Structures are given as C-alpha cells and as structure tokens.
Amino acid sequence: MAAEWNNTNLAEMVKMLGGLVTQSEVMPFVYVDSNGYSASQNYSRTGTELTGYSSNLNSSGSTRTVSKIATNVFSTSYLGIIELYTLADSWIDGDTIRPKYIITFTG
Amino acid sequence: MATITTAGLEYIAKFFNDAESTAIINKIRIGSGITAEAIGNTDLATKYTDLGFEEATASTIEYLNTTAHPRTLHLQKVFTSSATVNRSVWECGAFTSAGVCVMRHVFSPYELPNNNIVPPGQTITIDIYIQIDPSGDVTYTKTTDGTTIEYLFEAAIAFCASVGTDAIDPSGYTCQRGKICFNGIVLPNASPPYVTEARGAKAWVIKCATQTRAEADNLLVHQGLVQTGASVTGYQYATSLQRYGTLKIWDKTLKTHTSYNNCLISGPVDVETFGTWYLFELTIVQSYYGDIAAGGMS
C-alpha cells in the first residue's frame, strides 16, 4: 500500500492561512476502524520542515487492527491530508503505534 | 508567476507547527521598485507608504477551486491614488498580519494598464493568488523497534503564487470642462486639433505648450511606436505595445466631451524648449479595432 495525498483536504490548509477556517496544527493519527488516536503528540520545526508524531499505546488488553494511518488537519472535523489505508496491521496489546510525518514546505 | 519567499515558507511552517505563528495572510503592499524578485525577499524593494498606496488589508479574501486557480487563496485590494502626480506600480506583495512577506511580484513593462502608471485619483486593482499543491509522492516507511511500530510519512507541500489585475477602463476617466484630455490628463494649452478621417477611425495632430515639464511627461509616458494600416475591410487599425487610451475633446456646441476610444499617442514625441515653455506636438491615432467600442458622447 502507498500513502496518498488527499488534495481536497489539503485545500483546508490554504483556507487556514487566509483565516477562512480555524487554524489547526498538522496532526499524526492512527485509526482502528473509524476511531482515531493521537496521544502524546510531539511537534518540532526546523526552518521550513515540520516533524510531528504521536505515541499511542494499546492498553486495551486485546489485539487491535489498524485500519488507517493519517496526517490530519482539523477544520470542521479531522481531515486527512496524507492517508495510508493499511493491510489490517495488528496492534498487539502493550505495543505502541507511532504515526509520524516529516513535511517540507517548498516554493 | 510570482515568487514565494523563504520567509513566507517558514511562516507557513510555523503556522502549522502547533500555532507557532497565528498570523494570517491578509495584507497587500504595492511599490515602485524593480529589483528582481527573489526567494530571499522580506519586503518590497520600494514600497509606497502614503496617499492611498500604503499597505492595506485585502478587501476580498476567498478560497477558489477553479480550473485556473485550484486550491487557491485569493486576495484582492483596490488601491486609489490620492497623489497629485502619476504613480508607477512595478511590484506587489502579499504579507501576513504580522508583516511577513509571503510573496513578491515584479511587473513587466505593459503588464499593468497604462504601462504601470496610475494617474491621480485613479485606481488599480491587485489580485494575488496563492495555490497549494502536493509536491511529488509521499515516501512511506514502516519500522519496528521493540514494541514500537513507526509509520513515517515524508512529503513536501508546494506553494506557488500568481498576480492578476483588472484593467482600467480609460473611457471612465473624467476630463475638465472645456479641455482636451487623454486618459483624463489635460493636454496643456492644446491647439484646435487637425483631424484626419479614415474608415471607422480618426487621427489628430494637436500642438501643446506648458511651463511645467511634468504636464508633458504625464502624457508622454503613454507614447509608443504605433503601426497603422487598413484591414481587408478598409477599417483603420493602429497597434502598439502601449495600451489603448481614450481621447476626449470638448465640443463647444454640445457643451460636452466627445470620447474617442482605442487611441494611441504616436511616438517619439519631441519636446522643444522656448524660453520657459515646453512645446510639443501630439499625434493621436485611433483604431477601429481595440479593447472597447470606438467612441461616443460622454
């Protein structure tokens, strides 16, 4: 599977820059079915490069199935700008899933 | 195209980095500088700061998703010159509410109406378009380290910008009662015009005199090499790198101006001095073909 751009949702970013919708950071998410998780977020920036990740521990006592990894922005809801629909990866109890992005802004 | 600056890209990165910056892109500046645009620009080269041309908040900030402007932020501002002399506009830029220069554009000759000259009291509309695009594919890497599974996306987001303007309709320029004007600029001490008629258009030779050199210069910025001829249907055409203007001649009988659109000042125009006077003769050629209908009463 390949990670894909979502151009429709990418447009939300330019709307934010013009103050047309509420500002949001770029957020790393892991999904189980339609439930998204983004715990212990960590963000940093160097020049025009953004790095962000979240650390999501499975403490449910059972194995979960990862359905999607996404880099989101929040407009009226969480919108994926980069999305990876996984091949039903297992998320074993006690394991940590770390979705991470490195995004560079260019001219 | 216009240039997105490094400072602008860094501002964008800050904006999406946990609200490191909360400024939005909503300001437009215009200026007269012609230094080439570069990614290192942090301001206009020579920005205007007064008389209606100072930095202004865009009156229109909207999102466009059209064929011409996909995923685009559009800013528009109409600047009205309250100066008493012509002002040239050679550059513009989009800025954040905190003053960061996001993009800059230097206009080419003839890119703006009236060859980038804005006469006193006239307006110029600046439209800036900032577009977002994915830049290439997303690189995806999955790694496992003990009990931690990392899914890494590496990607680039590109911004580009362009500038558009609304053309000034020269037929809307007003002219002083009893005077002859070209694009609203009075021909000083104009002689009665010597008129040549052609099919669908005319040409005028008008002698002018002034003791103020600027009055001559205000007209001469519109001069250019003009090619004239007749089309296959016999109508007179006139072409030039200059934009068409409007000649308004006062009609003493009708007590109003008669407007002639699609006119060009044929250059070069020689300016002679006589004592404290500047004397020059304008040849103004009308084209049957042009931007708007050839003419009428005003």
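By convention in this document, chain letters (A, B, ...) are assigned in the order of the sequence lines, proteins followed by strands, and residues within each chain are numbered from 1. When reading the values below, keep in mind they use all heavy atoms of this one structure, side chains included, and skip hydrogens, waters and symmetry mates. Since the model is a prediction, treat every value here as computed from it, not as a measurement.
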Any chance you could measure [X], atom [atom1], to [Y], atom [atom2], to the nearest 0.5 Å?
X	Y	atom1	atom2	answer
A:Arg98	B:Thr143	CZ	OG1	9.0 Å
A:Asp95	B:Thr147	CG	OG1	5.5 Å
B:Ile24	A:Gln23	CD1	CD	9.5 Å
A:Met16	B:Ile25	CE	CD1	13.0 Å
B:Phe15	A:Leu50	CZ	CG	12.0 Å

Below 4.5 Å, heavy-atom pairs only: which of [options] has the largest tally toward chain B?
options	answer
A:Glu49, A:Glu25, A:Glu12	A:Glu25
A:Ile97, A:Ile92, A:Ile69, A:Val26	A:Ile69
A:Gly94, A:Ser44, A:Ala2	A:Ser44
A:Asn56, A:Thr51, A:Leu84	A:Leu84

Could you tell me which non-hydrogen atom of [X] sits nearest to which non-hydrogen atom of [Y], and how far apart they are?
X	Y	result
B:Ala156	A:Thr106	CB-CG2, 4.4 Å
B:Ile4	A:Gly107	CB-CA, 4.4 Å
B:Ala13	A:Gly47	CB-O, 3.7 Å

Given that the side chain runs from C-beta out, which part of [X] has a heavy atom under 4.5 Å from chain A: side chain, backbone, both or neither?
X	result
B:Thr22	both
B:Lys142	side chain
B:Glu20	side chain
B:Asn65	neither
B:Asn17	both

Counting only heavy atoms not in [X], do more than 12 sit closer than 6.0 Å to its [atom1] atom?
X	atom1	answer
B:Ile34	CD1	no
B:Asp217	CG	yes
B:Asp145	CG	no

Discussion item. Run the salt bridge (Lys or Arg N to Asp or Glu O under 4.0 Å) test against A:Asp93 and tell me which residues pass, sequence neighbours left out.
Written reply: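 In terms of salt bridge (Lys or Arg N to Asp or Glu O under 4.0 Å), with neighbours along the sequence ignored, A:Asp93 is linked to no residue.
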
Which atoms of [X] approach chain B - backbone, side chain, both or neither, heavy atom under 4.5 Å:
X	value
A:Met27	neither
A:Ser55	neither
A:Leu17	both
A:Thr71	both
A:Ile103	both

Worksheet item: Mind checking whether B:Phe16 and A:Phe105 have parallel, tilted or perpendicular rings, split at 30° and 60°?
Response: parallel

Is the shortest heavy-atom distance from the side chain of [X] to the side chain of [Y] under 4.5 Å?
X	Y	result
A:Asp89	B:Tyr151	yes
A:Val66	B:Ile149	no
B:Ile157	A:Thr104	no
A:Thr48	B:Ile12	no
A:Asn7	B:Arg71	yes
B:Phe153	A:Lys100	no

Do you know which of [options] has the most heavy-atom pairs under 4.5 Å to chain A?
options	value
B:Thr96, B:Ile132, B:Leu9, B:Thr141	B:Leu9
B:Val138, B:Thr3, B:Thr72	B:Val138
B:Gln131, B:Glu154, B:His74	B:Glu154

Worksheet item: Hey, is A:Arg45 close enough to B:Asp18 for a salt bridge, meaning N to O under 4.0 Å?
Response: no

Discussion item. Donor-acceptor pair, distance only, cut-off 3.5 Å: does the side chain of A:Trp5 make one with the backbone of B:Gly136?
Written reply: yes

